[in-house]
Protein chains: 2
Amino acid sequence: MTGGGHAVIAALRDALGPRALLSGDAVGARYCSDASLTGSCLPRAVLRPDTVEAVAAALRICNAAGQSVVPQGGLTGLAGGANPRADDIALSLERFAGVEEIDEASGTMTVRAGTVLESAQSVAAAAGFLLPIDLGARGSCQIGGIVATNAGGIRVLRHGQTRENVLGLEVVLADGTVITSLNKAVKNNTGYDLRQLFIGSEGTLGVVTRAVLRLRPAPAACHTALCALRSYGHVVELLKRAQAALPGLSAFEVMWESYVRFNEEAERIRHFVDRPSLTVLLEQQGAEEDAHRFEAFLADALEEELIGDALIAQSQKERDSFWAVREGHQMDRLLPGLINLDVSMAIGRLGDFAETCGQRLARRFPDAHISFYGHLADGNLHVAVSVPTSTDQAAAEVSRITYELVRQRGGSISAEHGIGTLKRPYLGYSRSAAEIELMRRMKTALDPNGILNPGKVI
Amino acid sequence: MTGGGHAVIAALRDALGPRALLSGDAVGARYCSDASLTGSCLPRAVLRPDTVEAVAAALRICNAAGQSVVPQGGLTGLAGGANPRADDIALSLERFAGVEEIDEASGTMTVRAGTVLESAQSVAAAAGFLLPIDLGARGSCQIGGIVATNAGGIRVLRHGQTRENVLGLEVVLADGTVITSLNKAVKNNTGYDLRQLFIGSEGTLGVVTRAVLRLRPAPAACHTALCALRSYGHVVELLKRAQAALPGLSAFEVMWESYVRFNEEAERIRHFVDRPSLTVLLEQQGAEEDAHRFEAFLADALEEELIGDALIAQSQKERDSFWAVREGHQMDRLLPGLINLDVSMAIGRLGDFAETCGQRLARRFPDAHISFYGHLADGNLHVAVSVPTSTDQAAAEVSRITYELVRQRGGSISAEHGIGTLKRPYLGYSRSAAEIELMRRMKTALDPNGILNPGKVI
């Protein structure tokens, strides 16, 4: 560490107190990497402030010294966006946690950045509400990271992404300025909507400290079905009809055959005797009486041969077995080094994309396990590829082949995971030079010394 | 006009052609003001480009010359945001109009900025879709202005504001750079979400040229009721229950007694014999069969005395008569100089706000007609005040009294109308110095010469 580096650490310890700063051997290995497991550096120090003022003081000191800072939440990201370099200081909000308020009339929750999603969900549920943000990592991801990455997840179709569920936000800028906009109303057109700058900016423009989140009424019932389809065209038509007929439609997940086969075998389940080329998991939330509408919708689709078969979950256990195949929790264990890509494009193009991408990948990696699944209504497809004797080079090649096809179809190389470090080389596949230049302009305006999460996104 | 001014006009005429430039006597009075009727200056010239390249060329020339530009859409705004000054050049997108594409699989429409909302709605309807953006000015407001002001309107409760319905955007920056991000997928986390910079920035950061808008399935049926309530507490409880019980809830409009009385008399209608202190217009969109659910919901609310009475529209004519009272189309005619304010805050605070605001205004203007109504589910209240012998000073005083109470309750002085010029003196009532300073930083980053809509917003 340089003399300047020591001086910064000393100044931070003075300002924040010794409990809020870990350095040397006290820095645990968990601060090295997000869930992509691609980070290998211990940061120079870890800051763990427990007030907004302490976050502001820390950033003031770091900004003045040109010390780079990597904001960290629950470290569940998949794009390397929270991985520090050896010279960085990590800034974890884990000690600034908890729900500060539920406003029942407005249907909002004011929550600190370090709060784990699942605990915020529980507080909402206890008050009779649904916190509409939900994703697989709910047990460890934190609200700050969710906002910073504009997390998607399994309820976007019904309730929107994180962006649509953040009504108010508090952020600390690189220079320590605290921007407090804890608005609770759905409508607020008083000047530029500053929230939007920070949501999805992956910690490069400011550090989220608190958020006002929208809550929804807790649904009374949930109806779930698994449908067998012959072609992608049928899937698109089923989606269109479901959106029109089922006002409580909350999931429309599509899975290609190889994905279902792998996960049914892993879970020792078999839903359809003849495994269809495409399977759709359909779900609606609403009242008990909505079961009729759901069943009638499926009966019509069967009669018109839009779907070949359908199974309606008769119990929570059956529902869980449908979702177990969709969530594929065994994949990472059974296919070590699994490459998970996350793309989006116009819905009409996804069918051809999956077919072409599957062929190209199979040609290059004949022994690979290749499968596709995704949140179709959001135009979002996941590509899961397991290459035997997986190497970094193979991963890069899978990315390049896939993203090249995304580029040709005018799609996005990141639907929900963000850019981080891992997708940064490919940003130009989905963004024009003018767009990237405008992103740089914003970065320079908000963080002129470039201390916030350098090397990420752009 | 200065020599430099003449040179700019000449350069613009050369670059865009004579049909795209009006100057001198050819500049019509309609380019003077938006619907607030507060603008009185003819602009130096009016540009009417009919291609994106022409918009870019115009801005390049104006930026190099330091010539200020006021983007104009349908001129239906109420905040003076499109009013030119004598030295400004107006930039109207009226000749760049039309729907370019409907993507049925993605459920999107690609539309040019100069398209009138109603005509875009018709194109969507002809393809079996609903364009979810709707507001009273639909017959003349244009898509570019709608995006630039993040317009609200009557479908926000169900489908969100304009911001939530813009998937892709094309914008020309002050220096003529074209930023084309015509994304169609709901999810796209590839770097900063540049759309958000421009939506609601009122033409001060860039000029919108095209947008990709989300479409929704056209609803098969609509059920509408008028409910009589005793207290604001009952209104909040009714809202909470309606959100939980009616998945197709599409309007929850609340009207205070003096608003209903005025408009029922103006329309020669009488809905409830005993006019209640609060009236709620409740509407759901969905299938025909959803009528049962709607009726059962109202029956329960009656039985529990949450509402005192309810009328369910039995025909389109009855529905229209409910909405006629809510929309109050006669007010502007019968109350010349009517002052329309538009505020938002936490829903639990709106009842006390309306009561206190009504008292304060009545004390200061004993002869005024004062009424309140709004989109309650969005936290959005309109304050309509008619002061006999109305003057600019009276209007300013009404604003000051109202906004002062908004400030005390942590609310917003503009829920949907924007800031423009008229609300600019009060921006600090709803935004902190740090927020306004950050807005300035964005303005400087995107429009360093300050040519875009100067004097608006900040």
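Proteins come first, then strands; the chains are lettered A, B, ... in the order of their sequence lines, and each starts at number 1. This is a predicted model, so every value here is computed, not measured.
- Only the side chain of Leu197(A) comes within contact range of chain B, judged by heavy atoms closer than 4.5 Å.
- Formation of a donor-acceptor pair under 3.5 Å by the Asn189(B) side chain with backbone atoms of Gly418(A) is not found in this model.
- Heavy atoms closer than 4.5 Å to chain A are found in both the backbone and the side chain of Ile413(B).
- Of all the heavy atoms in Ala346(A) and Ser106(B), the pair that sits closest is CA-OG, 3.3 Å.
- There is no contact between Val212(A) and chain B, counting heavy-atom distances below 4.5 Å.
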Exercise. Dump the intermediate steps for side-chain contact (heavy atoms from CB on, under 4.5 Å) on Val186(B) and Asn380(A), then the final yes or no.
Key: CA-CA 8 Å; Val186(B) 170; Asn380(A) 181 188; over 6 Å; no

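- When heavy atoms are compared at a cutoff of 4.5 Å, Asp103(A) approaches chain B solely by way of its side chain, counted from C-beta outward.
- Contact of Arg163(A) with chain B is made through the side chain alone, with heavy-atom distances under 4.5 Å.
- Using a 4.5 Å cut-off between heavy atoms, Phe198(A) touches chain B through its side chain atoms alone.
- In terms of modelled atom types and a separation under 3.5 Å, the side chain of Thr190(B) and the main chain of Ser412(A) share no donor-acceptor contact.
- The distance from the CZ atom of Arg195(B) to the CD atom of Gln196(A) is 9.0 Å, given to the nearest 0.5 Å.
- The greatest number of non-hydrogen atom pairs below 4.5 Å with chain A, out of Thr444(B), Ile179(B), Val457(B), is found for Ile179(B).
- When the heavy atoms of residues 232-243 of chain B are compared with those of chain A, the residues falling under 4.5 Å are Val236(B), Lys240(B), Gln243(B), listed by number.
- Once rounded to the nearest 0.5 Å, the distance linking CD of Glu164(B) with CD of Gln161(A) reads 11.5 Å.
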Quiz item: Would Glu289(B) and His292(A) satisfy side-chain contact (heavy atoms from CB on, under 4.5 Å), going step by step from the backbone distance to the final call?
Solution: CA-CA 11 Å; Glu289(B) 71 206 61; His292(A) 298 295; over 6 Å; no

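- Of all residues spanning residues 430-441 of chain A, those with a heavy atom less than 4.5 Å away from chain B's heavy atoms are Ser430(A), Arg431(A), Ala434(A), Glu435(A), Leu438(A), Met439(A), Arg441(A), arranged by number.
- Of the atoms belonging to Ala79(A), not a single heavy atom falls under 4.5 Å from chain B.
- For a residue to count as touching a neighbouring chain, one of its non-hydrogen atoms must lie under 4.5 Å from one of that chain's; by this rule Leu173(A) touches chain B with the side chain only.
- Interface residue Asn150(B): backbone and side-chain heavy atoms are both found under 4.5 Å from chain A.
- Proximity to chain B is limited to the side chain of Leu427(A), based on heavy atoms less than 4.5 angstrom apart.
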Quiz prompt | Stepwise side-chain contact (heavy atoms from CB on, under 4.5 Å) test for Tyr192(A) and Thr204(B) | solution = CA-CA 10 Å; Tyr192(A) 307 155; Thr204(B) 62; 2.6 Å; yes

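- Rounding to the nearest 0.5 angstrom, the gap separating the CG atom in Asp290(A) from the CG atom in Asp290(B) is 8.0 Å.
- If you take CE on Met442(B) and CE on Met442(A), they are separated by 6.5 Å, rounding to the nearest 0.5 Å.
- The OG1 atom of Thr108(B) lies 8.5 Å from the CD1 atom of Ile347(A); values are rounded to the nearest 0.5 Å.
- Counting only distance, with no hydrogens or angles, the side chain of Ser344(B) and the backbone of Lys187(A) share a donor-acceptor pair below 3.5 Å.
- Atom-to-atom distance recorded for Ser201(A):OG and Asp193(B):CG is 11.0 Å, nearest 0.5 angstrom.
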